[in-house]
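Beneath this line is the structure, given in structure tokens, with notes to follow.
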Amino acid sequence: MLTLLSDQLAPTTSTVAFLNLPLPVATAGLESWRKELNPGRVGVRQIGGTLPQMIAMLAPLTTHARPRELLVQTANPDWTAYFDCGADGTDGVSFVGHLTRTLKCRGVIVSSIPHTFGTKLEQPGRLGAVQFELLGPEDTEFLNYVRTISVTHDGSRWQFEAGGTIQDFEDISHYSARRIKDRFTSDVLNQYCQALGLSPFDPVFYGAKGSLVEVEIVLSADALSLSLERAQQRIGVKPGISSRVNG
């Protein structure tokens with residue numbers, strides 16, 4: 001299945017969020033929001049390098065709090081990518097959900113996780129997921145979600161879900177596939193993203209400029225602070241395994 005950099009940087013890159021704004025505007029919006037929540041404790045650094053080099057600046061990865069967030073310029077100047085330092089992966093929901101409302105733009109959250117739970121590919125293994133979430137500035141039946149499509153494994157079986165307004169770029173014939181896991185694959189997810197001007201699984205799509213937003217936070221006593229390698233070992237991520245998994 002398609003994953004960014006064959007999961008070399010997973011779990012950080014298992015989910016990628018995008019905001020339909022240029023990097024400077026997205027950075028200013030995130031900085032303002034963080035300063036509202038944490039007066040006097042927010043810093044922003046303009047950084048550069050390859051995607052792996054910039055993601056390395058999120059270390060250490062943590063649980064219970066996410067004091068470091070990364071915004072990355074993309075090859076499409078109208079879109080900015082987002083990652084954070086969560087040890088279980090990037091959480092783009094609050095970022096996209098809030099800023100699409102306050103900055104009046106669209107946002108997308110993309111997840112592609114190979115299903116290795118219960119196999120010998122990884123230990124203890126991951127529950128598979130392919131998810132697409134499109135959000136906008138307007139209120140909808142569910143917060144400001146415009147469209148959601150997902151195939152996920154809950155530990156016992158696959159589930160397919162779709163909600164919101166069907167988009168012009170969708171091929172809904174996929175959704176009636178006999179096997180549930182075939183109803184929404186990473187290839188179809190990629191096609192939908194490309195229709196919006198995004199190439200989430202192409203490392204060349206990510207530019208050489210970024211913004212690192214840091215908040216001074218004292219982690220709780222039970223919080224973990226891990227290197228990427230240790231975070232991968234914790235959930236059993238083996239880079240490259242995704243190429244051996246269909247989905």
Side-chain angles (χ1 to χ4, degrees), residues 1-18 51-52 55 61 63 66 81-93 96 108-134 145 147-164 170-194 198-203 205-206 224 226-247:
M1 70 184 300
L2 295 174
T3 58
L4 179 55
L5 290 168
S6 298
D7 274 350
Q8 295 294 324
L9 304 175
T12 302
T13 56
S14 296
T15 294
V16 188
F18 297 93
L51 183 62
I55 285 182
L61 305 183
T63 59
R66 299 167 189 264
Y82 170 88
F83 306 89
D84 67 31
C85 68
D88 295 310
T90 292
D91 175 15
V93 173
V96 172
V108 171
I109 307 168
V110 173
S111 297
S112 182
I113 303 172
H115 182 67
T116 60
F117 182 76
T119 73
K120 295 181 179 180
L121 295 175
E122 293 179 340
Q123 293 296 328
R126 291 178 282 170
L127 296 176
V130 177
Q131 297 173 294
F132 172 85
E133 297 170 276
L134 174 65
Y145 282 83
R147 182 61 166 159
T148 61
I149 313 166
S150 67
V151 165
T152 58
H153 199 286
D154 65 4
S156 60
R157 62 190 180 91
W158 289 99
Q159 295 182 324
F160 169 77
E161 295 182 346
E170 291 185 50
D171 182 352
I172 63 173
S173 66
H174 293 294
Y175 309 156
S176 57
R178 184 180 62 82
R179 291 202 313 171
I180 293 176
K181 68 175 298 185
D182 293 336
R183 294 177 187 177
F184 191 53
T185 65
S186 60
D187 285 315
V188 176
L189 169 61
N190 193 46
Q191 292 169 18
Y192 289 3
C193 288
Q194 289 179 338
L198 298 169
S199 297
F201 306 118
D202 182 0
F205 180 67
Y206 300 88
L224 299 177
L226 308 170
S227 66
L228 175 63
E229 292 74 19
R230 184 67 188 90
Q232 290 180 336
Q233 293 169 5
R234 176 170 168 261
I235 58 178
V237 174
K238 289 185 178 180
I241 286 296
S242 57
S243 64
R244 298 168 55 184
V245 177
N246 294 324

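Note that these values count all heavy atoms, side chains included, but never hydrogens, waters or copies made by symmetry.
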Is the backbone N or O of [Y] less than 3.5 Å from a side-chain atom of [X], with the two atoms forming a donor-acceptor pair by type?
X: Q232; Y: A10; result: yes
X: K181; Y: N246; result: yes
X: S111; Y: Q131; result: no
X: T185; Y: D182; result: no
X: R66; Y: C85; result: no
X: T90; Y: T12; result: yes
X: R126; Y: F117; result: no
X: S6; Y: P239; result: no
X: T119; Y: L121; result: yes

Can you tell if the side chain of [X] reaches within under 4.5 Å of the side chain of [Y], non-hydrogen atoms only?
X: D88; Y: R234; result: yes
X: L189; Y: F201; result: yes
X: Y206; Y: L5; result: no
X: V130; Y: M1; result: yes
X: I109; Y: V93; result: yes

Reported [atom1]-to-[atom2] distance for the pair [X] and [Y], which is rounded to 0.5 angstrom:
X: Q194; Y: D202; atom1: CD; atom2: CG; value: 8.5 Å
X: W158; Y: S150; atom1: CH2; atom2: OG; value: 11.0 Å
X: T152; Y: H115; atom1: OG1; atom2: NE2; value: 11.0 Å
X: R230; Y: L224; atom1: CZ; atom2: CG; value: 8.0 Å
X: I235; Y: I113; atom1: CD1; atom2: CD1; value: 8.0 Å
X: I55; Y: L228; atom1: CD1; atom2: CG; value: 8.5 Å

I172, CD1 atom: more than 12 neighbouring heavy atoms under 6.0 Å: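 For I172, atom CD1 is not crowded (no more than 12 foreign heavy atoms under 6.0 Å).
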Parallel, tilted or perpendicular, as decided by the 30° and 60° cut-offs, for the rings of Y192 and F184: tilted
Donor-acceptor pair between D171 and S173 side chains, under 3.5 angstrom: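 Yes, because at least one side-chain N or O of D171 sits under 3.5 Å from a partner of the opposite role on S173.
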